[in-house]
Amino acid sequence: MKSPDTRAFGGPSPFAVEVVVTVLSGASKGATLPLKGKVRVGKAPDNDLVLTDDTVSRHHCELSRTVAGVLVRDLESTNGIVVSGARVQEGIFPPGTILRVGEVEIGLRPAPQRMDVLPSASQSFGGAIGHSVAMRTIFTILERIAKTDATVLLEGETGTGKDVLARAICKESPRANKPFMVVDCGAVSYSLIESELFGHERGAFTGAVSARQGAFELADGGTVFLDEIGELPLDVQPKLLRVLETREFRRVGGNKTFAADVRVIAATKRNLEREVAAGKFREDLYFRLAVVPITIPPLRLRRDDITPLITHILNSASASDLVLPKESLESLLAHDWPGNVRELRNVLERAIYMVKPTGGTELSAITFPLSMSVPEGGSPFQFEPSKSYRETRAKYDADFERRYVKWLLGRHHGNVSAAAREARMDRKHLHDMAKKHGLRGESDG
Ligand SMILES: Nc1ncnc2c1ncn2[C@@H]1O[C@H](COP(=O)(O)OP(=O)(O)OP(=O)(O)O)[C@@H](O)[C@H]1O
C-alpha cells in the first residue's frame, strides 16, 4: 500500500469549476463568497470574508483561484491554517477541500453546474446510452473527470442509471483494471456497516470470529462505490468523513493504519442537500462527497432517450429482429416511467419473453402490461363534466374491458381457450369481446 498522504480527497482540480468559499462552522456559519480574484480572510472588518472568532487573526489568510486549484496563503496568522490535519503555510488545493482557519472551518465548494458545458458529441458513456441533451451534458462532465480521482456524487430516482454511470466512470479511469467494490449502505445492517466499509479485527465485536477486510481495503488502488449513501447512519458519517479527509483508515477494533488509495463514487435516490437541511446528513460529509455532483434526470424528462434505449435493450436481449409497431412505440414514448430505465427494461424483457417462444415477430401493444398506461399513484380516470353518469360509466366499462382482454390474451400469447379458462369465463364470450375491441386471439386448436 502507498503511504498515507495529506492530499485533500478528490485529487487535482478536474476542470475549471467556479469555487464558492463557504463558512462551515463558527459564528459566521453559512456565509458564502464566490472566489473571484483574491479573497482575504480574517477578523478585521476590511477583509473580504470576515470571521468573527477569537482563534482567527485580524488578517489570517488569502485565497486566490489558479488554473491548478485554489492557492491558499497564510498571512502570518497566530493559529495557522490546517488541511487534513496538517498545518499549511502555502499550497494549492482542489475544490472540495476544507480549510481550518484557527478553529473555523471553511470549505472551497465547487460549483460545476455553473460551468459552460456543451453536450457531448458521443451518445454513450461506458455502458450508458443517452441521446438527450441532458444525458450528453452529463457525459461531457464525466468524460472530463473520469480520468481524475475526483469524488463523484450521483443523484437520481431509482432506475435512472446511477450504477451504470458509476461503473462507466470506473471503466474510463486509470483505475479500470483495479477492484470496483460496492457497498450498499441501505442494505447492510446498522451494526455491520462500519465493518463492511473498513473491515474488522478478530474479536472486535460479538460474532467477529475472524478478521475481515472491508471495501476500502479490498478496493486498494481501485474504486469504492457507496450506493444509497443517504442511508448511512448519522453516527457512522463522521467516520467516513475522517477517512475521506485523512485518506487513511483502521479496521474496527484494530490499531494498524491503512492508506485509503481509492476513488470514491457515491449515489443516492435522495436529494442530499435537502437531507442536510433536515439534519439527516452531515453537511461536511456532503461537501466532501459532492466534489462533482451529478443529477440524473428521470426518464420522463428526457424522452429522447426512450427510443435509443429500446434499441439498446432489444439488442442486448438478442431481440433486434422483433418489430415494434408504431402504436406500441407511441405507448412506450407516452408512459411516465416511474421506475425509469429499469422499468423500461423490465417491460421490454417481459414482452420479449412472451413473444419469442410463440415464434412471433412483433412486440405489439398486447404484450405490454396494463399498468403501463396508468401512472403510478395516478388515476386512470379522467372525468368530463359534460358527460352523464351513464355515458361516463359506459366509456370506462368499455375501456376496462379492452384493457383487461388485452392483458389476459397477452398472458396467454393470444390463446383464447387458455385465457378464458384462467379468467373463468365463457370462451365464446371472450372471443366476442376480443373481436369487439379489435384484439385478435390466436387460433387455439
Ligand atoms: N443510460 C442507460 N443506458 C443503458 N442502460 C441503462 C441506462 N440507465 C439505466 N440503465 C439500465 O437500467 C437498469 C437500472 O439501472 P441502474 O441499476 O444503474 O439504476 P440506479 O439508478 O442505480 O437504480 P437504484 O437507485 O434503484 O439502485 C439497469 O438494467 C441498467 O442497465
Side-chain angles (χ1 to χ4, degrees), residues 119-143 146 152-173 180-188 193 196 215 223-232 264-272 274-275 281 289-290 292-320 324 332-333 335-353 368-369 372 376-377:
S120 171
S122 176
Q123 298 181 325
S124 66
F125 180 77
I129 307 292
H131 290 200
S132 62
V133 170
M135 285 309 285
R136 287 188 295 117
T137 305
I138 289 176
F139 293 165
T140 300
I141 297 173
L142 297 186
E143 282 156 11
V152 182
L153 176 66
L154 300 165
E155 288 183 337
E157 289 180 7
T158 183
T160 45
K162 300 184 290 294
D163 189 276
V164 181
L165 285 183
R167 287 173 198 276
I169 296 167
C170 171
K171 195 168 151 248
E172 300 299 321
S173 79
F180 180 86
M181 296 301 301
V182 183
V183 179
D184 185 339
C185 304
V188 180
I193 184 78
E196 194 75 18
T223 309
V224 172
F225 177 41
L226 302 175
D227 204 1
E228 306 299 355
I229 189 75
E231 313 306 313
L232 192 69
V264 171
I265 303 175
T268 179
K269 287 195 259 293
R270 299 178 187 272
N271 177 326
L272 268 201
R274 228 178 279 150
E275 296 292 295
F281 202 85
L289 293 170
V292 182
I294 302 277
T295 303
I296 312 170
L299 192 54
R300 63 184 170 280
L301 296 183
R302 49 181 171 104
R303 290 183 195 268
D304 289 355
D305 287 339
I306 296 178
T307 307
L309 280 167
I310 293 173
T311 308
H312 170 73
I313 294 165
L314 291 182
N315 284 343
S316 51
S318 309
S320 49
L324 191 65
L332 295 175
L333 288 172
H335 186 52
D336 269 349
W337 303 110
N340 294 294
V341 187
R342 179 179 294 112
E343 186 190 1
L344 175 64
R345 179 184 282 276
N346 288 346
V347 161
L348 286 170
E349 285 181 351
R350 257 194 325 254
I352 294 166
Y353 293 138
F368 297 125
M372 263 203 44
E376 202 171 76

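Read the numbers this way: they start at 1 and go in the same order the structure lists the ligands and their atoms. Below, all heavy atoms of this structure are taken into account, side chains as well, without hydrogens, waters or symmetry copies.
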Novice: With a cut-off of 4.0 Å, which atoms of ligand 1 are near a heavy atom of Lys269?
Specialist: 25 (O)
Novice: Mind checking salt bridge (charged side-chain N to carboxylate O under 4.0 Å, His left out) for Glu196 and listing every partner two or more places apart, or none if nothing turns up?
Specialist: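 Counting only residues at least two positions away or on another chain, Glu196 forms a salt bridge (charged side-chain N to carboxylate O under 4.0 Å, His left out) with Arg212.
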Novice: Contact between ligand 1 and Gly159 is defined here as a heavy atom of the residue under 4.0 Å from a ligand atom; is it met?
Specialist: yes
Novice: Decide whether an N or O pair under 3.5 Å exists between His312 and ligand 1.
Specialist: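 No, no N or O pair falls under 3.5 Å.
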Novice: Could you pull out the closest heavy-atom pair between Ala168 and Gly126, with the gap in Å?
Specialist: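 Closest approach of Ala168 to Gly126, heavy atoms only: CB-CA, 3.8 Å.
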Novice: Distance from Leu348 atom CG to Glu343 atom CD, nearest 0.5 Å?
Specialist: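 Reported to 0.5 Å precision, the distance equals 10.5 Å.
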Novice: Evaluate Phe281 against Thr268 for side-chain contact (heavy atoms from CB on, under 4.5 Å), listing each step before the verdict.
Specialist: CA-CA 12 Å; Phe281 202 85; Thr268 179; over 6 Å; no
Novice: Around atom 26 (O) of ligand 1, find the nearest protein heavy atom and jot down its residue, atom name and distance.
Specialist: Thr158 OG1, 2.6 Å
Novice: Can you find an N or O of Gly161 that's nearer than 3.5 Å to an N or O of ligand 1?
Specialist: yes
Novice: Relative to the heavy atoms of Ile129, which atoms of ligand 1 are at a distance of less than 4.0 Å?
Specialist: 1 (N), 2 (C), 3 (N), 4 (C)
Novice: Nearest heavy atom to atom 28 (C) of ligand 1: which of Glu349, Arg342, Arg345, Glu157 does it belong to?
Specialist: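 Residue with the shortest heavy-atom distance to the ligand atom: Arg345.
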Novice: Tell me whether ligand 1 is touched by Ser124 - counting only heavy atoms on the residue side and a distance under 4.0 Å.
Specialist: no
Novice: Output the list of atoms in ligand 1 that are nearer than 4.0 Å to some heavy atom of Gly127, sorted by atom number.
Specialist: 3 (N), 4 (C)
Novice: Using a 4.0 Å heavy-atom cut-off, say whether Lys162 meets ligand 1 through its side chain, its backbone, both or neither.
Specialist: both
Novice: Among Thr295, Leu154, Ile294, which one satisfies side-chain contact (heavy atoms from CB on, under 4.5 Å) with Ile138?
Specialist: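 Only one of Thr295, Leu154, Ile294 forms a side-chain contact (heavy atoms from CB on, under 4.5 Å) with Ile138, namely Ile294.
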Novice: Can you tell me the protein heavy atom closest to atom 30 (C) of ligand 1 and the distance?
Specialist: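 Heavy-atom neighbour on the protein nearest atom 30 (C) of ligand 1: Val164 CG2, 3.4 Å.
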Novice: Determine whether any heavy atom of Leu309 lies closer than 4.0 Å to an atom of ligand 1.
Specialist: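 Heavy atoms of Leu309 do come under 4.0 Å of ligand 1.
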Novice: Check each atom of ligand 1 against the heavy atoms of Asp163 and keep those under 4.0 Å away; list them by number with element.
Specialist: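 Under 4.0 Å from Asp163, ligand 1 has these atoms: 16 (P), 17 (O), 18 (O), 22 (O).
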Novice: Is there any side chain to side chain donor-acceptor pair (under 3.5 Å) pair reaching into residues 297-309, and which pairs are they, with sequence neighbours excluded?
Specialist: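 Applying side chain to side chain donor-acceptor pair (under 3.5 Å) to every pair that reaches into residues 297-309, excluding sequence neighbours, yields Ser132-Asp305, Glu157-Arg300, Arg302-Asp305, Arg303-Asp336.
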Novice: Hey, is the main chain of Leu272 close enough, under 3.5 Å, to the side chain of Glu155 for a donor-acceptor pair?
Specialist: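 The answer is yes, because a donor-acceptor pair under 3.5 Å joins these two groups.
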Novice: Can you measure from CD (Glu228) to CG (Asp184) and round to the nearest 0.5 angstrom?
Specialist: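 Going from the CD atom of Glu228 to the CG atom of Asp184 covers 5.5 Å.
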Novice: Hey, which of Asp163, Leu165, Val164 is the one that makes side-chain contact (heavy atoms from CB on, under 4.5 Å) with Arg167?
Specialist: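 It is Asp163; the other options fail the test.
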Novice: Would you mind running through ligand 1 and noting each atom that sits below 4.0 Å from a heavy atom of Val341?
Specialist: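 Here the atoms of ligand 1 in question are 6 (C), 7 (C), 8 (N), 9 (C), 10 (N), 11 (C), 12 (O).
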